[in-house]
2 protein chains.
Amino acid sequence: MARVHTGESALARAVRIVESFGLDDSTLTVSEIARRSGLHIATASRLIEELVGCGWLERENRRVRIGVRLWEVASRASAAVGLREAAMPFMEDLHAVVGQHTQLAVLEGDEVLFIERLTAPGAAINYSRIAGRLPLHASSSGLVLLAYGPVDLQERVMGQPMRAYTDNTIRNARQLRSALAEVRRQGYAFCAGHIYPETTGIAVPIRDAHGAVIAAVALIVPNDDSAYAQIPALQATGRGISRVMASHIRPG
Amino acid sequence: MARVHTGESALARAVRIVESFGLDDSTLTVSEIARRSGLHIATASRLIEELVGCGWLERENRRVRIGVRLWEVASRASAAVGLREAAMPFMEDLHAVVGQHTQLAVLEGDEVLFIERLTAPGAAINYSRIAGRLPLHASSSGLVLLAYGPVDLQERVMGQPMRAYTDNTIRNARQLRSALAEVRRQGYAFCAGHIYPETTGIAVPIRDAHGAVIAAVALIVPNDDSAYAQIPALQATGRGISRVMASHIRPG
């Protein structure tokens, strides 16, 4: 990461400054930002100053954080937000009935990006976080998104090393191919102990008006005999969200 | 808005391109973006291309929208997100008990910015939206944020024209000064019919470890005799969220 890019535009540098914040870094110092984005400290300082000026970054004591203004702008029009607004009432109902983690995920690059998560006190443990990512092969949402995703993405994932979180994690192309076929046959992914031994992830697709899979909604429940019983409620949730998404009028 | 700025940095222009998306514009054409941001179409096209390249904007047919990647980056580290994560379990509990709109707001510039909203089927109507704004004088959240906000902000708001949504909206400095004093005395804002005749907004402050007010949590309920009965539950919610926020360790 920490290379100095020459001949790069100021915009590209600013993008790298903003993207140097990770999921666990709510604030960074100017020198941390410079190091992570591979910029000279003077360049980083100047661009940070400009980003603070427009509200996209904020200063907090001697540290810098992402500004509320950037969050506001990003929230206004992103496809993730429309999906989230459509999904939330259904997710809240499911969450109230099941009392376990309920989450909403989309494909972003070659990973699962979680755009919403409802947690419950005493719910089963869960690896995902809002705006967090997981590999496609490991999570139930990932298997759904991959099963209905582009063939070249499937081939790419099958050709890469697959991180094993537990003994049950899918770890090779043969297992993955078989799991994806099962998802397409059943209409859901059921992953008992794939990320933590004690939890089961279950995910179903969300479709647009053309039937294309645009997201997945998932439950994380204890890895025991009761897990299967949650599938129908989750399937109904997926269909409800799909119905709302299919009714959205897209301009243009 | 539509002025051509000369001698401006590419970064400042890119910021205006991203900010040209409004709450009701999920997609825009390149020429709409150019017009709104006051840029020549060639300049706008080039910067849009660069922003699409880094995933901050996305193309959808012949239109452009905010990219999921920008949402992800903004969600990672913004103070709004930490607040939202702390507040959500309490807001869900309140929402489940009261069954009406429950919302979370911060001060952003001279306005209220709503960063979360839980709605209910059949709930009272409500003007606010996620990532939407309202003037400080008009909403219960705004009165709370203003009552505990900087004195210079209070003076500025009192010196400006106040939009009247209904006959009950606060509309002059005398009324506003009296309302702010009442909020500080009671510890909550109670606005019966200030934005819609048929709804009442009730808001309480959320405080950090130092007692500073950092946000407001509000209920929008029908404007009838039952509204007062909701105040204790909302106050308990505000205290719960404050307790979690006060326990957050801030680096630096």
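To find a chain, count down the sequence lines: A is the first, B the second, and so on, and within it residues start at 1.
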Worksheet entry | Pairing of B:Arg36 and B:Glu19 as salt bridge, 4.0 angstrom limit | no
Worksheet item: Quick one: do B:Glu58 and B:Arg63 make a salt bridge, cutoff under 4.0 Å?
Response: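 No, no charged N to carboxylate O under 4.0 Å.
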So what's closer than 4.5 Å to chain A heavy atoms on [X]: side chain, backbone, both or neither?
X       : result
B:Leu70 : both
B:Trp56 : side chain
B:Ala96 : neither

Worksheet item: Can a cation-pi geometry be assigned to A:Arg243 and A:Phe90, taking NZ or CZ under 6.0 Å from the six-membered ring centre and within 45° of the ring axis?
Response: no
Item to complete: Please determine, among B:Glu50, B:Arg62, B:Glu108, the option with the most heavy-atom pairs under 4.5 Å with chain A.
Response: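 Heavy-atom pairs under 4.5 Å are most numerous for B:Glu50.
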Item to complete: Could you tell me whether the side chain of A:His101 reaches within less than 4.5 Å of the side chain of A:Leu219, counting heavy atoms only?
Response: no
